[in-house]
Student: 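Got a structure for you, questions after.
What you see below is based on every heavy atom in this structure, not just the backbone, and it leaves out hydrogens, waters and symmetry mates. To find a chain, count down the sequence lines: A is the first, B the second, and so on, and within it residues start at 1. Keep in mind the model is a prediction, meaning the values are calculated, not measured.
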There are 4 protein chains.
Amino acid sequence: MPSRTPTEPTRSGRPRSAEADAAILEATRESLVDLGWSKLTMGDVATRAGVAKTTLYRRWAGKNELVVDAVAVLFDELELPDLGSLPADVEAVVLQFAALLERPETKTALMAVVAESTRDEALRDRIRDSIVARQKHLVLQGRERAQLRGELPAEPDALVAARTADLIFDVIAGAVVHRTLVSAEPVDSDWARRFTMLLLSGLGAAAAGRQPGARGPGESRPTGAQKPGGSV
Amino acid sequence: MPSRTPTEPTRSGRPRSAEADAAILEATRESLVDLGWSKLTMGDVATRAGVAKTTLYRRWAGKNELVVDAVAVLFDELELPDLGSLPADVEAVVLQFAALLERPETKTALMAVVAESTRDEALRDRIRDSIVARQKHLVLQGRERAQLRGELPAEPDALVAARTADLIFDVIAGAVVHRTLVSAEPVDSDWARRFTMLLLSGLGAAAAGRQPGARGPGESRPTGAQKPGGSV
Amino acid sequence: MPSRTPTEPTRSGRPRSAEADAAILEATRESLVDLGWSKLTMGDVATRAGVAKTTLYRRWAGKNELVVDAVAVLFDELELPDLGSLPADVEAVVLQFAALLERPETKTALMAVVAESTRDEALRDRIRDSIVARQKHLVLQGRERAQLRGELPAEPDALVAARTADLIFDVIAGAVVHRTLVSAEPVDSDWARRFTMLLLSGLGAAAAGRQPGARGPGESRPTGAQKPGGSV
Amino acid sequence: MPSRTPTEPTRSGRPRSAEADAAILEATRESLVDLGWSKLTMGDVATRAGVAKTTLYRRWAGKNELVVDAVAVLFDELELPDLGSLPADVEAVVLQFAALLERPETKTALMAVVAESTRDEALRDRIRDSIVARQKHLVLQGRERAQLRGELPAEPDALVAARTADLIFDVIAGAVVHRTLVSAEPVDSDWARRFTMLLLSGLGAAAAGRQPGARGPGESRPTGAQKPGGSV
DNA sequence: ATGTAAGCGAGACGGTACGTCAAGTCTTGTT
DNA sequence: AACAAGACTTGACGTACCGTCTCGCTTACAT
C-alpha cells in the first residue's frame, strides 16, 4: 500500500488548511473581478481570504502562479456538447469559450499571465499544463465524434493527426481570443457561425484536395479558390 | 492654405524636445528587451533616455500608454509582399508577423497592454488605433490583389466584405499570436503553409458553397465535409 | 556729473521693471499669509505677482533672501511713541512688537529665516542688517529720551552704554519672541506691564548699585515700580 | 491589580524594534549636524540609521515630529547646579543653555520647528510638551532654592508665583535664544553675568516695591548686585 | 499525555517604484 | 537686455506593495 506521493514523505507538524486554499483561490478571482490583474495585490487577496500573507507565500511563489491556479479551474467548465453535427458542436464550443473570456476575472488574468510567461519558462509550462493543454481534448473529442458520424474521414497518420489538432486548436482559440480581447468585438452567434463555416470548409476542402487522387503536395496548395470564392 | 491647427495657436514657452520623444521610445523598447514588461519602470526608461521622469509623465499618462506608443511603430514594418499568388503572399505575411512577435520587446509588451486594456477603455482604443487597425489594410490589400489576379471573385456586398475582412484578420492574427505566445511553439514555414492552406481552403470552399445555386444561408452551413475531409 | 552707481554703468537693454519688484514683495507676503513659510514656493509667488520665475531669480538668490526682503519692511513700522514716561513707552513698544509678531506673515517667516541663517552666513548678515539692527535704534532712542526726562542717569562710558543697549535689546526682543512664538501665549497689556516693570526695575537697581553717590533707587527707578507695586 | 495599560492589550504581530528607534534618533541628530534642518531628508536619515523609509513614517508623521523628538532629549541635559547663591546658579544655567544652543543640531533645529509650529497646532503642543515645559522646572527649582537660602521672599499668592515663573522663563530663554541665534553673538560669562544681574535686580526691586514691610531692596537683592555693582 | 514540528494571523522589517511637486536652469519668441 | 511662458534636470516627497522576518498561538501526529 503505497502511502503517499514520494515527494511528500508523511509530513509532520500541523497540516495545511484545505479551507484556506479554497478561500484564497476564491478571493483571488474576486479580487480579479474587482481590481483587475494589475491592481490585484497579494495583501488584498490575503485580506479577502481572511488569511495572512505568509500563508499565500507558503503555497504559491507569487502573484503569477496564484492567478494561474485561480483561473485554471474556470477553463475546466468547457465541454463539447453533442448537438448532432460537427458544425453545431464547434459553434457551441466557440460560444462557450467566448463567454468564458468575457468574464472579467478571465479576460484580465489570461493575457496578463501569458505576458508574464514570455519571460518565465516555469510559468509558461504551468499555463500550458493547467490551462491550454487541458482544453486540447475538446478538439480531439470533436474530431473523434465527427469521424464516428462520418463527417470526417479517419486519419491514418497519427503524427499528421496530432499536428492538425494543434493547428486547429491554435486557430480556434486564437481567433476567439483575438476577437474578444484584442479587437474587443463581441463573439455573437453570427460571428461564431461564420467562423465555424470558414474553419470547417477549410478542413474539408483541404482534406479533399489532398485525399482522392491525390495530387502531389505541390498542387495541394490551394490557389485559394479554384472555383470562384467569396466572402465567408 | 490651412494655416494651423486650431488647438495649437502658436504655443508660447520653450517647445518640447523632439529628440526627447525619440530617445524615450527607443529607451522604452530597449528596456522592454532587457527587463520585460513587468520589470520595466518609468525611472529606468527615463535614465536610459537621459531624461527626467517628469518629462515622461508630461507626455504619457503612464507605463501602458508609453509602451503602446513604443511598440506600435514596430508593427508598421509589416507589409504584404507580392509573390505572385495569394497563398504565397499570405504565408509570407504570416511569417513576418510571427517574426515580429518573436522579438522580445513585442512579445512581452503586446499581451501585457492587451491585458491592461481589458480594464481601460481609453487604452483599448489606443491599441486599436495604433496597432490593430493599422494592420487591417494588409487583409484588404491582399484580397484586392487576389481579385485582380482572379484568385478571388469580386464581393458585391460591401458590408459582407468588411465583415469577412475582420473575420480573416482575427483568424490570422489570433492563430499566429496563440501559436507563438500561448502555445509557445514556433511558427515555422511548415506551420505557415499548413495554416495558409486551411484558411484559403476555407475561404474558397465557403464562397463556392454560397455562390452558385445558391443555397440559402440555412444550408450554407457546411456539414464539415460533404466530401470526405481529413487533416490539414 | 552724477551719472550712476559704479556697479551699474548705464545698463543697456530693457531696464528692470520697478513695478515688478513691488508686486513680487507684496505677492510674497500674501503667499506667506496663505501658505506659510514651508509651503510658499517661488512658482506661487511668481504667479501671484504676474511675473515669470526667471524674474524672481534675476533679483534674489532664493526663497530665503526674498522672504527676508519681503518681511523686513514690516519691521520699519515700529516706532517709539512718546507717552511721557519710560515705562509707558516701553510697554507701548512691547505691545507694538508683539502685534507685529502675531501677523501671520511675520511669525512664520521670522523664525524660518533665522533657522536658515544658522547655516548661511550671508543670510545671517542680511537678517541682521535689514531686520535686527534697524530696530536697535528704538532702545537708544528710548534711553536718550528717558535721560532727558531724568528717568535714567547719564551713562558716562560709551562702551558700557553700547553693551547695555545690546543686552536690553536681546532681553526685550527675546522675551517677546519667546512668549509669542515658543510659549505661544499672548502678549497682552498685563504681561507687557509686568515685563516692563521687571526690566526697568532691574535697570534701575543695577544702575543704583553702580552709582553709590547718586540718587536712591526710588528715583532712579521708574515710577511704575515705585508705589503701586504691582506684582511681576 | 495593576494588570496592564488599557491601550496595549498584548499587541500581536512582530514587535517594533527598539534599536531602530534609537538608531533613527541618533541618525537624525547626526544628519542635522551634517546637513542642517533644510537639507535634512527622511531618506538620508533612513540610510544613516540603516532603516527603511517606511519605518520612519510608521513612527513619525514627518520631518518636524521626528526632529522634535530627536532634539528633545538634548534639553534634558540641562540642570540647575547648586553653587551656593542664586546669581551663580542662574549664571551657570544660562551658560549651559547657551552651550546647548550653540550645538549645531540644536541651533538649526529649534528655530525651524518653532517656525513650522506657527502653522501646526499639534506640532506646537509637541514642542511645548517635550521641550519647553520640561525646562520650566529649572525656574521653579531655582526660586525654591533661593527662598530656602533667604535670597528671595516667599510668594504667598500661588497664581502670582506661577505667572512670575512663566515671565522669568520667557525672559531667560528668550534673551539667550535671541542673543545666540538672532543677534548671533556669543553668550560668554560676561554677558551671562550682566544678564543675570539685570534679571535678579529686577526681581528684587519689583518684589521690594511690592512688599513694603519686608526688607529693603538692598538685602532682598542678590549678593551679586550688591557690592561690586558691575554695570549691566 | 505530551512533545515537537509545522501552520497560522498579525504586523514590523528593508526595499523598490510610484506619481507628484518644487527648485533652479534653459530656450523660445516678444517687448 | 529684460520679459512671460513653459519645458527641462534634479531630487525629495509620502504611499503602496513587495517578499521576508519575528512574534505568540494553534493543531495534529508520533511517541
Student: Between B:Arg58 and B:Gly13, which has a closest nucleotide on DNA chain F that is more 5'?
Tutor: B:Gly13
Student: Take atom NZ of D:Lys53 and atom P of F:dC18, then tell me their distance rounded to the nearest Å.
Tutor: 18 Å
Student: From CG of D:Leu40 over to C1' of F:dC13, roughly how many Å is that when rounded to an integer?
Tutor: 13 Å
Student: Hey, is C:Asp44 close enough to C:Arg48 for a salt bridge, meaning N to O under 4.0 Å?
Tutor: yes
Student: Can you check the D:Glu19 CD to E:dA12 P distance for me, whole Å?
Tutor: 17 Å
Student: Hey, which sits more toward the 5' end of DNA chain E by its nearest nucleotide, A:Gly50 or D:Pro15?
Tutor: A:Gly50
Student: What integer distance in Å separates A:Trp60:CH2 from F:dG19:C1'?
Tutor: 16 Å
Student: Where the side chain of D:Arg59 is defined as all heavy atoms beyond and including C-beta, which of E:dC13, F:dC8, F:dC3 is the nearest nucleotide?
Tutor: E:dC13
Student: Determine the minimum heavy-atom distance between B:Met42 and B:Gly62, stating which atoms define it.
Tutor: CE-C, 3.9 Å
Student: Send over the distance from B:Leu56 CG to E:dA17 C1', rounded to a whole Å.
Tutor: 14 Å
Student: Please determine if B:Arg29 and B:Glu105 form a salt bridge, counting it only when a charged side-chain N lies under 4.0 Å from a carboxylate O.
Tutor: no
Student: Could you state the atom-to-atom distance from CG of C:Asp44 to C1' of E:dA23 in whole Å?
Tutor: 14 Å
Student: Base, sugar-phosphate, or nothing for A:Ser17, non-hydrogen atoms under 4.0 angstrom?
Tutor: sugar-phosphate
Student: Heavy atoms under 4.0 Å, any strand shown: does D:Gly62 hit a base, just sugar-phosphate, or nothing?
Tutor: nothing
Student: Decide, yes or no, whether a salt bridge links C:Asp69 with C:Arg126 under the criterion of side-chain N to carboxylate O below 4.0 Å.
Tutor: yes
Student: Over all heavy atoms of both residues, which pair between D:Ala109 and D:Val71 is shortest? Give the atoms and the distance, please.
Tutor: CB-CG2, 3.7 Å
Student: Please report the distance, rounded to the nearest Å, between CH2 in D:Trp37 and P in F:dA12.
Tutor: 16 Å
Student: Taking the nucleotide of DNA chain F with the closest heavy atom to each, which residue, D:Tyr57 or B:Thr55, is nearer the 5' end?
Tutor: B:Thr55
Student: Find which nucleotide of DNA chain E each of B:Met42 and B:Arg14 is nearest to by heavy atoms, and output the residue with the more 5' nucleotide.
Tutor: B:Met42
Student: Whole angstrom is fine here: how far is it from NZ in C:Lys39 over to C1' in E:dA23?
Tutor: 17 Å
